[in-house]
Protein chains: 2
Amino acid sequence: MPRTNANYVFRALADPTRRAIFEELTRQGEQTVHALTRYAGVSQPAVSKHLTVLKRAKLVRHRREGRETHYRAQPEALGPMVDWMEKYGAFWRDRFDRLETVLERMDA
Amino acid sequence: MPRTNANYVFRALADPTRRAIFEELTRQGEQTVHALTRYAGVSQPAVSKHLTVLKRAKLVRHRREGRETHYRAQPEALGPMVDWMEKYGAFWRDRFDRLETVLERMDA
DNA sequence: ATAAACAATAGCCAAATGGTTATGGATTGT
DNA sequence: ACAATCCATAACCATTTGGCTATTGTTTAT
């Protein structure tokens, strides 16, 4: 029901193919739909649909250049998920703590 | 396709009702199915199903006591998601950087 | 001018998802 | 002993999801 951006992000990343596409875009940078299709192992229309879902969550942006469309990752869109983890992931705080310790030690 | 634990976690948290249940458990601590049902706004069987999905992702544990079952959040299970964010969330690294700065300033 | 390439959309389908009521098994209260 | 409570499972249903092929609109190449 909730059309919040956080919800779109969570839902977008729930699918492994979509995660793979996002991962590929963060690793390799901007890619055309064609390239992503070769990578993803599903049909081109399927990739286009996934990209639409990722777009809705603002996890990717696109740029048209002639007949091809270049997509790139927009990792800032993970913000809502990070916020959520900060609120509800106690383990998370542990990591912060450990990081603090690391930094303190580095400092000594 | 992938039955990895990371995938279970991502999928479990994709549903808003499931997130709400997990949030409630981290905020208020251990709860019976009954209490969660009052909170969640769906039927008891629906809650039980959601809890099964959360269990599969190891996001909750349960403890039976007589006729009631107490569930509690297990935020360590967010680990795989944290790992993923560390790899693919550039924004994430920004936060680390900011934290470092904060800590460095605190230190001065 | 025609053909080929790229990407989005439409239309279809099977499977998964999230919900419901009904039921059953176990425990507790009267 | 009987009734009520708690929770899980079963059976069912509507909707959503993720995939496909076919098509269309552009743009580029011949």
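Naming: A, B, ... by sequence-line order, numbering from 1 per chain.
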* To do: For B:R64, check side-chain hydrogen bond (donor to acceptor under 3.5 Å, both in side chains) against everything at least two apart and list the hits.
  => none
* Pairwise side-chain hydrogen bond (donor to acceptor under 3.5 Å, both in side chains) hits with a residue in residues 32-42 of chain A, at least two apart -> A:R27-A:Y39
* Structure fact -> In B/S/- notation (B base, S sugar-phosphate only, - none; protein heavy atoms under 4.0 Å), nucleotides 24-30 of chain D written 5' to 3' is ---BSS-
* To do: Using the test ring-ring contact (aromatic ring centres under 6.0 Å, His included), find all partners of B:H62 that sit at least two apart in sequence or belong to another chain.
  => B:Y71
* How would nucleotides 13-20 of chain D be written as a contact map, 5' to 3', with B for base contact, S for sugar-phosphate-only contact and - for no contact, using protein heavy atoms under 4.0 Å? -> ----SBBB
* By salt bridge (charged side-chain N to carboxylate O under 4.0 Å, His left out) - contacts of B:E30 (at least two apart) -> B:R63
* Send over the distance from B:L51 CG to D:dT9 P, rounded to a whole Å. => 11 Å
* So does A:Y71 get a side-chain nitrogen or oxygen closer than 4.0 Å to the phosphate oxygens (OP1/OP2) of C:dA8? -> yes
* Residues that A:E23 engages under side-chain hydrogen bond (donor to acceptor under 3.5 Å, both in side chains), provided they are two or more places apart -> B:W84
* Give, ordered by number, those residues of residues 30-39 of chain B having at least one heavy-atom distance below 4.0 Å to an atom of DNA chain C; if nothing qualifies, reply none. => none
* Structure fact -> For residues 49-58 of chain B, the side-chain hydrogen bond (donor to acceptor under 3.5 Å, both in side chains) pairs (sequence neighbours left out) are B:R18-B:H50
* To do: Using the test side-chain hydrogen bond (donor to acceptor under 3.5 Å, both in side chains), find all partners of A:S48 that sit at least two apart in sequence or belong to another chain.
  => A:Q44
* Structure fact -> The side-chain hydrogen bond (donor to acceptor under 3.5 Å, both in side chains) partners of B:R19 (sequence neighbours excluded) come to A:N7
